[in-house]
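As a basis for the values below, the full set of heavy atoms in this structure was taken, side chains included, without hydrogen atoms, waters or symmetry mates.
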Amino acid sequence: MIYLVTDSALSLGRSLVNIVAAALRGGVGMVQLREKEITSREFVELGRAIHSITLEYNVPLIINDRADIAQIIGAEGLHIGQSDISFKDARKLLGQSAIIGLSIENIEQARKARSWGVDYIGASPVFATPTKIDTAPALGLKGVSELREVVDCRIVAIGGINKSNIRQVIKAGADSVAVVSAICSAADPYLATKELVNDTII
Ligand code: TZP
Ligand code: MG
């Protein structure tokens, strides 16, 4: 499954709503709204606009960081990192039906996340990427395989993944692949998504 993570700053001046719509037509199975540079009010407005399209495709919308915004717009889930609110608090706030994903950077964090019952772990980053530079060292394909052996929860791989390496990431054991620039910065986000989706069928 291809999981689109948004970044307006990487969308080459195009409307994020149009990019998400193209990615949904192309077959993404999950969308995460990850916007670091906008106000809370803009985040809510954009979230509502994007949610209305993801609902048409029956694709879950996940909000990055902001449990309050996930709740306000009725999004299907929340994605948190190691320094965000805790998984326990997020679950308490959003309830059992919410999809809650947690980024992990090593096996220890993955084990803990598994024991808490997260819905998926974001294995981050698989490869070094200019999209996010304040990351832990890259896990590499070996890191993904190790995670696959140790934890039995869903693994969403993220970081530097594109059509040149996606098959290897899936072969290493990722259940899904999350991408930012491979779709948001693509000349044709619809075609780019379709190609990535085809590549997941090994
Ligand atoms: N978390 C870890 S790497 C990353 C995030 C949000 C960015 C991935 O972006 P790209 O463009 O798919 O490498
Ligand atoms: Mg975060």
Side-chain angles (χ1 to χ4, degrees), residues 1-11 14-104 113-114 116-124 131-132 153-159 161 174-184 189-190 193 196-197 200:
M1 189 252 280
I2 301 294
Y3 181 162
L4 169 66
V5 178
T6 71
D7 188 334
S8 296
L10 290 183
S11 300
R14 301 169 297 188
S15 132
L16 197 61
V17 171
N18 289 346
I19 288 177
V20 172
L24 287 164
R25 275 193 292 120
V28 290
M30 193 114 118
V31 174
Q32 181 187 135
L33 189 55
R34 179 176 181 273
E35 296 296 325
K36 305 280 188 187
E37 308 288 331
I38 59 179
T39 64
S40 296
R41 195 169 301 186
E42 286 166 342
F43 204 152
V44 169
E45 275 171 19
L46 185 60
R48 287 201 169 114
I50 286 181
H51 200 204
S52 71
I53 354 174
T54 55
L55 284 171
E56 279 175 35
Y57 285 82
N58 224 350
V59 161
L61 175 65
I62 310 297
I63 301 296
N64 183 273
D65 286 355
R66 299 284 303 269
D68 56 341
I69 291 177
Q71 207 167 32
I72 290 166
I73 71 169
E76 285 70 32
L78 177 73
H79 184 90
I80 47 182
Q82 295 289 323
S83 317
D84 297 319
I85 63 165
S86 70
F87 172 75
K88 198 173 156 207
D89 288 335
R91 178 62 79 209
K92 199 153 79 183
L93 209 63
L94 298 176
Q96 279 310 318
S97 62
I99 301 166
I100 304 180
L102 175 65
S103 289
I104 61 90
R114 170 70 189 90
W116 298 329
V118 302
D119 294 297
Y120 69 86
I121 54 170
S124 159
T131 305
K132 185 169 166 39
C153 58
R154 289 190 65 78
I155 299 176
V156 177
I158 187 163
I161 305 172
D175 297 294
S176 310
V177 166
V179 299
V180 182
S181 53
I183 292 178
C184 288
Y190 163 70
T193 306
L196 289 168
V197 170
T200 60

Nearest heavy-atom approach of Pro60 to Gly29 is CD-O, 3.4 Å

Beyond-backbone contact of Arg91 with Asp119, side-chain heavy atoms, under 4.5 angstrom | yes

Here the pair of heavy atoms bringing Val5 nearest to Cys184 is O-SG, 3.9 Å

Does a donor on one side chain sit under 3.5 Å from an acceptor on the other, for Gln32 and Thr6? no

Exercise. Is there side-chain contact between Val177 and Val179, with heavy atoms separated by less than 4.5 Å?
Worked result: yes

ring-ring contact (aromatic ring centres under 6.0 Å, His included) pairs touching residues 54-91, sequence neighbours excluded, are His79-Tyr120

Worksheet entry | Stepwise side chain to side chain donor-acceptor pair (under 3.5 Å) check, Ser40 with Arg66 | CA-CA 9 Å; Ser40 296; Arg66 299 284 303 269; 3.1 Å; yes

Can you tell if the side chain of Leu24 reaches within under 4.5 Å of the side chain of Val59, non-hydrogen atoms only? yes

Query raised in the report: NZ of Lys36: more than 12 outside heavy atoms within 6.0 angstrom?
Result: yes

**Message:** So does Gly81 get a backbone contact from the side chain of Asp84, meaning a donor-acceptor N/O pair under 3.5 Å?
**Reply:** yes

- Query: Any side-chain heavy-atom pair from Gln82 and Leu102 closer than 4.5 angstrom?
  - Reply: yes

Got a list of side-chain donor-acceptor pairs under 3.5 Å for residues 69-76, not counting sequence neighbours?
| unit_1 | atom_1 | unit_2 | atom_2 | d |
| --- | --- | --- | --- | --- |
| Gln71 | NE2 | Leu93 | O | 3.1 |
| Glu76 | OE1 | His51 | NE2 | 3.1 |
| Glu76 | OE1 | Leu61 | N | 2.9 |
| Glu76 | OE2 | His51 | NE2 | 3.0 |

| message | Check whether Asp7 reaches the backbone of Val180 with its side chain - one donor and one acceptor, N or O, closer than 3.5 Å. | response | no

